[in-house]
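Residue numbers start from 1 in every chain, and the chains themselves are labelled A, B, ... in the order their sequence lines are given, proteins ahead of strands. No hydrogens, no waters, no symmetry mates; every other heavy atom, side chains included, goes into these values.
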Amino acid sequence: MQAQRKAPIGISKEASRRWQENYERVTQGSGRLFLMAGDQKVEHLNDDFVGSTVAAADADPEHLFRIASEAPIGCFATQLGLVAQYGGDYPEIPYLLKLNSKTHLLPGAEHDPRSRQWQSMTQVQEFMQHVDVPIVGVGYTIYPGSEFEAEMQTEAAQLIHDAHQLGLLAVIWAYPRGRAVGKREHDPHLIAGAAGLVACLGADFVKVNPPLNAQGEAEAKLLGEAVAAAGRTQLVCAGGSEVSSADFVRRLDAQLRDGHSAGCATGRNVHQRSQQEAVALCRAIHSLVVEDRGLEHALALLQED
Amino acid sequence: MQAQRKAPIGISKEASRRWQENYERVTQGSGRLFLMAGDQKVEHLNDDFVGSTVAAADADPEHLFRIASEAPIGCFATQLGLVAQYGGDYPEIPYLLKLNSKTHLLPGAEHDPRSRQWQSMTQVQEFMQHVDVPIVGVGYTIYPGSEFEAEMQTEAAQLIHDAHQLGLLAVIWAYPRGRAVGKREHDPHLIAGAAGLVACLGADFVKVNPPLNAQGEAEAKLLGEAVAAAGRTQLVCAGGSEVSSADFVRRLDAQLRDGHSAGCATGRNVHQRSQQEAVALCRAIHSLVVEDRGLEHALALLQED
Amino acid sequence: MQAQRKAPIGISKEASRRWQENYERVTQGSGRLFLMAGDQKVEHLNDDFVGSTVAAADADPEHLFRIASEAPIGCFATQLGLVAQYGGDYPEIPYLLKLNSKTHLLPGAEHDPRSRQWQSMTQVQEFMQHVDVPIVGVGYTIYPGSEFEAEMQTEAAQLIHDAHQLGLLAVIWAYPRGRAVGKREHDPHLIAGAAGLVACLGADFVKVNPPLNAQGEAEAKLLGEAVAAAGRTQLVCAGGSEVSSADFVRRLDAQLRDGHSAGCATGRNVHQRSQQEAVALCRAIHSLVVEDRGLEHALALLQED
Amino acid sequence: MQAQRKAPIGISKEASRRWQENYERVTQGSGRLFLMAGDQKVEHLNDDFVGSTVAAADADPEHLFRIASEAPIGCFATQLGLVAQYGGDYPEIPYLLKLNSKTHLLPGAEHDPRSRQWQSMTQVQEFMQHVDVPIVGVGYTIYPGSEFEAEMQTEAAQLIHDAHQLGLLAVIWAYPRGRAVGKREHDPHLIAGAAGLVACLGADFVKVNPPLNAQGEAEAKLLGEAVAAAGRTQLVCAGGSEVSSADFVRRLDAQLRDGHSAGCATGRNVHQRSQQEAVALCRAIHSLVVEDRGLEHALALLQED
Amino acid sequence: MQAQRKAPIGISKEASRRWQENYERVTQGSGRLFLMAGDQKVEHLNDDFVGSTVAAADADPEHLFRIASEAPIGCFATQLGLVAQYGGDYPEIPYLLKLNSKTHLLPGAEHDPRSRQWQSMTQVQEFMQHVDVPIVGVGYTIYPGSEFEAEMQTEAAQLIHDAHQLGLLAVIWAYPRGRAVGKREHDPHLIAGAAGLVACLGADFVKVNPPLNAQGEAEAKLLGEAVAAAGRTQLVCAGGSEVSSADFVRRLDAQLRDGHSAGCATGRNVHQRSQQEAVALCRAIHSLVVEDRGLEHALALLQED
């Protein structure tokens, strides 16, 4: 388990108190984060939500909220617009507002990724003034190596600052990408670079894709360089495409144990399952990440399902 | 019939009350929307307003207002500039201000679509403070897949937020378009993706073009994926190019019945007709969408004309 | 003669009163406008102001002010910077501030036209607070079909709104132009489209170039489609390159009579003449446009000269 | 000698009084301006400040201030950053803050010139509130014909307006340039066009390069068209590359006498000389421009040196 | 030793007092600066922080703070985000906030460098209001010759102004770079040009790369032109890639003695060493730069290590 975090400096006492409260809430006292990622309806449009291997319930955005309200997650990251529509009926979920999103329609071979902040932090603040649901933080994706990296890094730096002023957590999705990056996007050293960059931005958590070795295979211990480079910015690993629940749990256990990650951020592996299966998987994840009860216990939880 | 909507959260009680009032007004208690679209004088310049198959009266913009004031529409969507000029004489029409528009002069093969917000929401608010006519909402078009999608999605997200703060409805026209989209713009799965994206933006309604099957034919049930993906954002279908009144009504009936759409948004099919014919068609649409009295009744209303 | 205009809605009572006052002033109660255009020192640099067919006095910008102060014009449109320098000596001229201008140096075959607002409306307001000369309105040029049309249409929409809030008139110069438009810029149907677009922007007047028929000749009745499309936005025709005074007056008479235009906007045909000839031509124009005394009377006024 | 100038209208009485004071100060009652230009450390980097024909003292930026404080100049134009560092030691110099500058590193054959305002006028005002040195005006360069002309013309228009609101003079450096201009940048007619454009911007002075005739030679009387086109905006001629002091003085005399320019703006010809020579040349310039004592007297002053 | 600096003019008395205090603090009364540069986690991602020649401790960002807190540095330049996370535990370090950073992922042959300010000066001020750690100044990198130089020079000018208003020092990293510069980036004359440009921006210090002679070798006396061109803006030399401690100290001594630089800015040469070695090198640097005790003493300090 990681040591307790202190709030960043440069904010008011009240903001510091709120940040601490939000940090405790999402890590449930464990210092580790289980983030349920639900921003794919923009990033992947409807590709993740229908298909032969996808639960029928996933066609409806409310599926995300149903899972998030029943499962023991740290926070649920999704767009403000969805929270505005469903949040009133699911007021117990800790929400992390994902503030930028782009579609995957523009081909990477011709267009470097460019994602722009949707709502301003002033609008986020306005939103928060009128809701009773817990808004614990904000999220934003950067693409180091894109020819538009400068504008995204500036937006990220500014929203992290503003989030902290309000006592909110800031989580950065960091994916090296663009024509200059090409196939190196899974390179452990490059991912470590991105993680270090996010530390300089001052985020509380950085979400990275799992690094691959020279053979193109995921190896948990490859995370080590990135975890070190991120310093006090805690690193969580993206879940990636769908695998079996047991495989997912094993991979996560390795990331926590061998990679020293500080949790996980998973989307498709959760929401593409039925409500029951999704909640069971979330319980197993929670058991590993937050309760630290080991792989066997987590696998056993899956069996119960 | 769909269940009643609740106002989005994150707004003041007063804004919530106004939103509810506006929602009731445009759906006339039915939970479904008949939007008369009148933004084509920019989008298509004068192409839709003159020609051998177009009523002579349509050459004058006031034709739109004459129809909208006599016909039982949910709201009339047009540019603020026209409302500023004609609204004083047609104070009973519920107006939806369409805040962006572009011409069709730039060829799509060379230029991805780019449409920018005309008036700021501060200007809209200033406008509303001084009018007695009902302004029920705002509209905006996005083009997912355009290389400019990021700037349009940000403008859309911000104006939806600001509209809700004022208690206004927000309707998004969502058309996948651009060189990366090409001929796929009528693909049901892509349209569903766009509808889901709009849900994430937090709009109250999304207007899409009717999806086509592999043979290039419209099939109402193809709307199902999009309606599901849109979740609580209600989906209305664009009317498309001119057909006979009876065919229009049959197509709409199928969209409502088989496609589970929440209404329709039609422009040319209404305004290219004479005042009398246009109003008759609107009555038939209203009978289907709002009164839910079935196809036969709607067709009979056309005969009366 | 056209019916009297009402002020746009969405503005304060005081602004409405001022707008009415300005409208009366520039149309001199006739409902028609004679706008003297004097923005060519940027648009055409010095090309219009020297040459064998140009009066020597025209080399000096003050020539414009001398004419405008002596001739019975509706308003004189020029840049704020010139008004700041000469307006104090010509305080009786009704000024319309032309807020954007570009040079003709960039070749159209490589660069679509892009013209940006010079002074902000806040600056215009600041300017007005300190002057005793009548500022009756603002002007702006848009180029539908340019790849930069979006930014110009947004600037136009916003300044029209702001002008109306201050009780100022708004006049839009609308010229379809750019590589996508090419040689179609004189097409009557396209000009009608531009006029309709300006109606949607909410301008009080639109200035268009005279449409040409398939043989490339001006025909006044071709204006009809544009006048209809513009609706309550009144249409005035640009004067074009220099012709004899008598020919100019005949062409204008046809535009008013057969084309149903609401006046004229002329620059070169006025300022390239000597003070005496320019004033005589302006009197003839005024007699046609404002006094509606017919062609013979106008031609007779030229003879007096 | 030119008639006295009146302050522009559209500004407060206090601003008008200050403008008059600044105008008197820089023209020393003569209605003509001797501007010492010192912005080349950015425009030409270090090229003008070292070399076999350059005084050794010129390597140090303070050289500019030493000359400006001893010589009878109208004002010294340089960047705010230099004034912030040296101004406290040279509090008697009337400073004109040059607000934009670019390097000459980007080749003109590939990049049209683009120069952006450095400090905002709000920052200039903040600066002025805390200094005891006389800030008499601001300067800005525009490049008509550059594909970026729109953004520079807007910045220029806005800063001229804001300068006048503060009672500051506004001087525009106007150089037609860019691939569309090519070799025509010395064309008298084009320079006249640029001068007329600056009049429309409302500047008090325009600085142009000396026009050349068809043989590529400078001819003072070619300035006539530009002086006329500039109207009440007074025209001063740039000094150009280094010549002998006597030749410089003869050329200037011709510009004043035959070209009717309203002074000169010179940089390299002054600062590339030793302090003593530079001051002597400035005295000769002052004698011609401000005292109007004729060429012989000016040449004699050089001999004294 | 250089003479004491005076604060720039144009700022309040309180700001002037604070500037003086910060200047004294970072130069420790010597008038020279030893800046420890720690912005490479973005500029070079993780490349500088792992590898066979890099101390293992350097993998963790806290290494930078451990060195900076123990070594006698003038100030430690790093991103605000890192200071927000670590500053609370290292409250004795004088921090200089580096406000822009970019990655090295985009190849220079295709992309001119573009680096954008991360936090606004308003955010910096907000940050400072809530911290007890000494923030002594801000830093920013410009790339003269990049096609984006205009936007960077404007950001630099504005933040220098704003920093001075707050009594903060402003340090500019100035690297001529881009396709138009190519291999000339080490040219002494071009570096002098960049240094002069920074003087015009009004920065207190300029950091340049060591110029190379025609043979590609560093020669300390080549700095002379740049030191002169920078005038009152004091010049410090970047440390460059890693060399032995003794070689580093010898090179620095030459830069100070023969090149008349005002200190050094070094990163990799410090942080790639173990805590003990890094501190020892810093002591040697401090002895040279601040204490001015000569090369022998500095080398001796290294031996102690």
#### Entry: Criterion side chain to side chain contact (heavy atoms under 4.5 Å, CB included) on E:Gln129 and A:Ile11, from CA distance to verdict
CA-CA 8 Å; E:Gln129 278 166 0; A:Ile11 64 178; over 6 Å; no
### Toward chain E, the part of A:Arg179 with a non-hydrogen atom under 4.5 Å
neither
For chain E, the option from [options] that forms the most heavy-atom pairs under 4.5 Å:
| options | value |
| --- | --- |
| A:Ala180, A:Pro8, A:Ala228 | A:Ala228 |
| A:Ser146, A:Ala230, A:Gly202 | A:Gly202 |
| A:Ala226, A:Ser12, A:Cys200 | A:Cys200 |

### Toward chain A, the part of E:Ser101 with a non-hydrogen atom under 4.5 Å
backbone
### Side chain, backbone, both or neither of E:Glu62 within contact of chain A (heavy atoms, under 4.5 Å)
side chain
If I take atom [atom1] from residue [X] and atom [atom2] from residue [Y], how far apart are they, to the nearest 0.5 angstrom?
| X | Y | atom1 | atom2 | answer |
| --- | --- | --- | --- | --- |
| E:Phe127 | A:His164 | CZ | NE2 | 11.0 Å |
| A:Tyr143 | E:Thr103 | OH | OG1 | 15.5 Å |
| A:Leu201 | E:Leu82 | CG | CG | 9.0 Å |
| A:Gln165 | E:Glu126 | CD | CD | 4.0 Å |
| E:Leu45 | A:His189 | CG | NE2 | 7.5 Å |
| A:Ile9 | E:Leu80 | CD1 | CG | 8.5 Å |

### Query
So E:Leu105 and A:Leu190, side chain to side chain contact (heavy atoms under 4.5 Å, CB included) or not? Walk me through it.
CA-CA 10 Å; E:Leu105 291 171; A:Leu190 189 47; 3.7 Å; yes
For a 4.5 angstrom cut-off between non-hydrogen side-chain atoms, does [X] reach [Y]?
| X | Y | value |
| --- | --- | --- |
| A:Glu225 | E:Asn46 | yes |
| E:Asp89 | A:Arg232 | yes |
| A:Glu151 | E:Arg116 | yes |

### Query
Run the side chain to side chain contact (heavy atoms under 4.5 Å, CB included) check on A:Gln158 and E:Gln119 step by step: do they pass?
CA-CA 5 Å; A:Gln158 301 209 347; E:Gln119 292 84 10; 5.5 Å; no
### Query
Short question: side chain of E:Gln85, backbone of A:Ala199 - any donor-acceptor pair under 3.5 Å?
yes
### Summary
Interface check, chain A: of E:Leu106, E:Asp47, E:Thr78, most non-hydrogen pairs under 4.5 Å belong to E:Leu106
### Query
Shortest non-hydrogen contact from A:Ala229 to E:Pro61?
O-CG, 3.4 Å
